[in-house]
Amino acid sequence: MKTRKIVFFGVAALLIALCSSCREGKGIMKYYDSNSYVVMFSRPAVISVKPITVDGFALGLRIYSDKVAWTCNATQTGLGGQFDKLCLKYGDTGLPHQIYTNFEIGLWVPDGPRANADSYASISVTCSKDWDANHLSGTSLADVIWFNGWSFYPYIHSRYTLPAPRTNIFKKLDQVTPQEMMMLGEGEFEVEICKLLFEQAPAVPGVYPITVTLTTDEGEVSSLSWDFTFK
């Protein structure tokens, strides 16, 4: 019995020591002081689309980006400064707190909200084939497409007073404002920018080449194309 007590107390002491080292930043986690709610900004290395289908019916597009990340502890990666510039741009500077990081892919990766670094002045959708009588080849489909995205910006703009940190922006694409396309998305290995959902199928079934053009507030343009089959 005496031996078991010694072993038990020895294991307990080891666990306490490990937990203490984690809190102090000496173990498997490190803590950093932060003044921002968002702990990582991801700038698209590659913007891609994935079709959204239900039972074979084309529902819309999911637009996402593989990330190039700037983090609140980015000084260790040589990217310090860019994160602070983005925080200043969006006004995310007034929430002092501690965040912890996990050791991933050879870096200390912060655990917390991750947002898209880019803001979009516009997102346009066209089709190189007549959609219907009101939407001929090359004309905008913004009035028949729903935009669905999540933004941190309203929460930060409210000085962190809104009840939820993310706001769902769900409205017709032609009604979405540039401010509603700021700080979109959250994800682990890719950041979803938004979903674009068709309100209705084209007048005639078939294959429809859809082009999505994203223009950032700095004038950078990315175009994505995808062939959709409507049955």
Side-chain angles (χ1 to χ4, degrees), residues 38 41-54 57-67 86 89-92 113-132 134-158 162-188 190-203 208-230:
V38 171
F41 285 102
S42 299
R43 194 171 192 278
V46 178
I47 296 180
S48 305
V49 298
K50 289 180 180 178
I52 303 170
T53 59
V54 176
F57 175 75
L59 184 64
L61 290 167
R62 175 176 174 257
I63 304 174
Y64 68 97
S65 66
D66 296 325
K67 70 185 182 186
L86 289 167
K89 175 180 178 178
Y90 295 118
D92 189 10
R114 307 179 183 196
N116 191 356
D118 287 334
S119 293
Y120 295 96
S122 66
I123 297 177
S124 67
V125 182
T126 58
C127 181
S128 59
K129 185 176 178 179
D130 291 352
W131 186 267
D132 57 27
N134 297 318
H135 301 86
L136 302 181
S137 174
T139 60
S140 172
L141 298 176
D143 61 329
V144 294
I145 287 181
W146 287 86
F147 174 97
N148 188 12
W150 292 86
S151 173
F152 293 109
Y153 185 72
Y155 177 68
I156 290 164
H157 188 64
S158 74
L162 292 181
R166 290 197 303 162
T167 298
N168 183 223
I169 313 298
F170 186 62
K171 56 172 59 177
K172 286 287 189 67
L173 182 59
D174 61 352
Q175 298 174 3
V176 179
T177 66
Q179 183 170 308
E180 291 172 322
M181 294 188 286
M182 297 171 69
M183 300 185 77
L184 292 170
E186 183 179 26
E188 290 298 322
E190 59 191 32
V191 172
E192 181 175 291
I193 297 171
C194 66
K195 293 184 179 73
L196 300 175
L197 308 173
F198 301 118
E199 183 178 57
Q200 61 194 44
Y208 287 77
I210 302 293
T211 298
V212 180
T213 303
L214 300 93
T215 304
T216 71
D217 59 351
E218 296 180 353
E220 296 182 13
V221 179
S222 300
S223 291
L224 316 163
S225 296
W226 197 275
D227 290 342
F228 272 83
T229 301
F230 291 89

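Just the heavy atoms: all of them, side chains too, but no hydrogens, waters or symmetry mates, feed the values below.
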Can you give me the closest heavy-atom contact between [X] and [Y], atom names plus distance?
{"X": "Ala115", "Y": "Phe152", "result": "CB-CD1, 3.6 Å"}
{"X": "Thr126", "Y": "Gly138", "result": "CG2-O, 3.7 Å"}
{"X": "Asn116", "Y": "Ser42", "result": "OD1-O, 3.0 Å"}
{"X": "Pro178", "Y": "Ala121", "result": "CG-O, 3.6 Å"}
{"X": "Leu86", "Y": "Ala117", "result": "CD1-CB, 3.8 Å"}

Practice problem: Walk me through it: do Met183 and Phe41 pass the test side chain to side chain contact (heavy atoms under 4.5 Å, CB included)? | Solution: CA-CA 9 Å; Met183 300 185 77; Phe41 285 102; 3.8 Å; yes

Practice problem: Please examine the side chains of Ser119 and Tyr90, heavy atoms only from C-beta on, and report whether any two atoms are closer than 4.5 Å. | Solution: yes

Quiz item: Are any of the side-chain heavy atoms of Ser128 and Thr211 separated by less than 4.5 Å?
Solution: no

Practice problem: Would you sort out whether Ile156 and Val38 count as a side chain to side chain contact (heavy atoms under 4.5 Å, CB included), showing the intermediate values? | Solution: CA-CA 9 Å; Ile156 290 164; Val38 171; 4.2 Å; yes

Quiz item: Among all residues two or more places apart in sequence or in another chain, which pass the side-chain hydrogen bond (donor to acceptor under 3.5 Å, both in side chains) test with Thr139?
Solution: none

Quiz item: Got a sec, which residues hit side-chain hydrogen bond (donor to acceptor under 3.5 Å, both in side chains) with Asn168, two or more places apart in sequence or on another chain?
Solution: Asn148

Would you compute the distance between atom [atom1] of [X] and atom [atom2] of [Y] and round it to the nearest 0.5 angstrom?
{"X": "Asp118", "Y": "Thr215", "atom1": "CG", "atom2": "OG1", "answer": "11.0 Å"}
{"X": "Glu180", "Y": "Phe170", "atom1": "CD", "atom2": "CZ", "answer": "13.0 Å"}
{"X": "Ile145", "Y": "Ser140", "atom1": "CD1", "atom2": "OG", "answer": "7.5 Å"}
{"X": "His135", "Y": "Asp130", "atom1": "NE2", "atom2": "CG", "answer": "11.5 Å"}
{"X": "Leu173", "Y": "Ser124", "atom1": "CG", "atom2": "OG", "answer": "8.0 Å"}
{"X": "His157", "Y": "Leu162", "atom1": "NE2", "atom2": "CG", "answer": "10.0 Å"}

Exercise. Determine, step by step, whether Leu196 and Phe147 satisfy the side chain to side chain contact (heavy atoms under 4.5 Å, CB included) criterion, reporting the C-alpha distance in whole Å, the side-chain angles of both residues, the deciding distance to 0.1 Å, and the verdict.
Key: CA-CA 5 Å; Leu196 300 175; Phe147 174 97; 4.0 Å; yes

Quiz item: What residues form a ring pair (Phe, Tyr, Trp, His ring centres under 6.0 Å) with Tyr208, not counting sequence neighbours?
Solution: Trp131, Phe230

Self-check item: Val176/Tyr120 under side chain to side chain contact (heavy atoms under 4.5 Å, CB included): CA gap, chis, key distance, verdict
Solution: CA-CA 10 Å; Val176 179; Tyr120 295 96; over 6 Å; no

Quiz item: Mind checking what makes salt bridge (charged side-chain N to carboxylate O under 4.0 Å, His left out) contact with Lys89, not counting sequence neighbours?
Solution: Asp217

Exercise. Return the set of residues passing salt bridge (charged side-chain N to carboxylate O under 4.0 Å, His left out) with Asp174 (not counting sequence neighbours), or none when no residue passes.
Key: none

Quiz prompt | Expected output: side-chain Ser151 to main-chain Met182 donor-acceptor under 3.5 Å | solution = yes

Quiz item: Is a side-chain N or O of Tyr153 found less than 3.5 angstrom from the main chain of Thr167, in a donor-acceptor match?
Solution: no

Quiz item: Should the pair Lys172 and Trp146 be classed as cation-pi, given the thresholds of under 6.0 Å to the six-membered ring centre and 45° from the axis?
Solution: yes

Exercise. Please collect all salt bridge (charged side-chain N to carboxylate O under 4.0 Å, His left out) contacts where either partner lies in residues 140-150, sequence neighbours excluded, each pair once.
Key: none

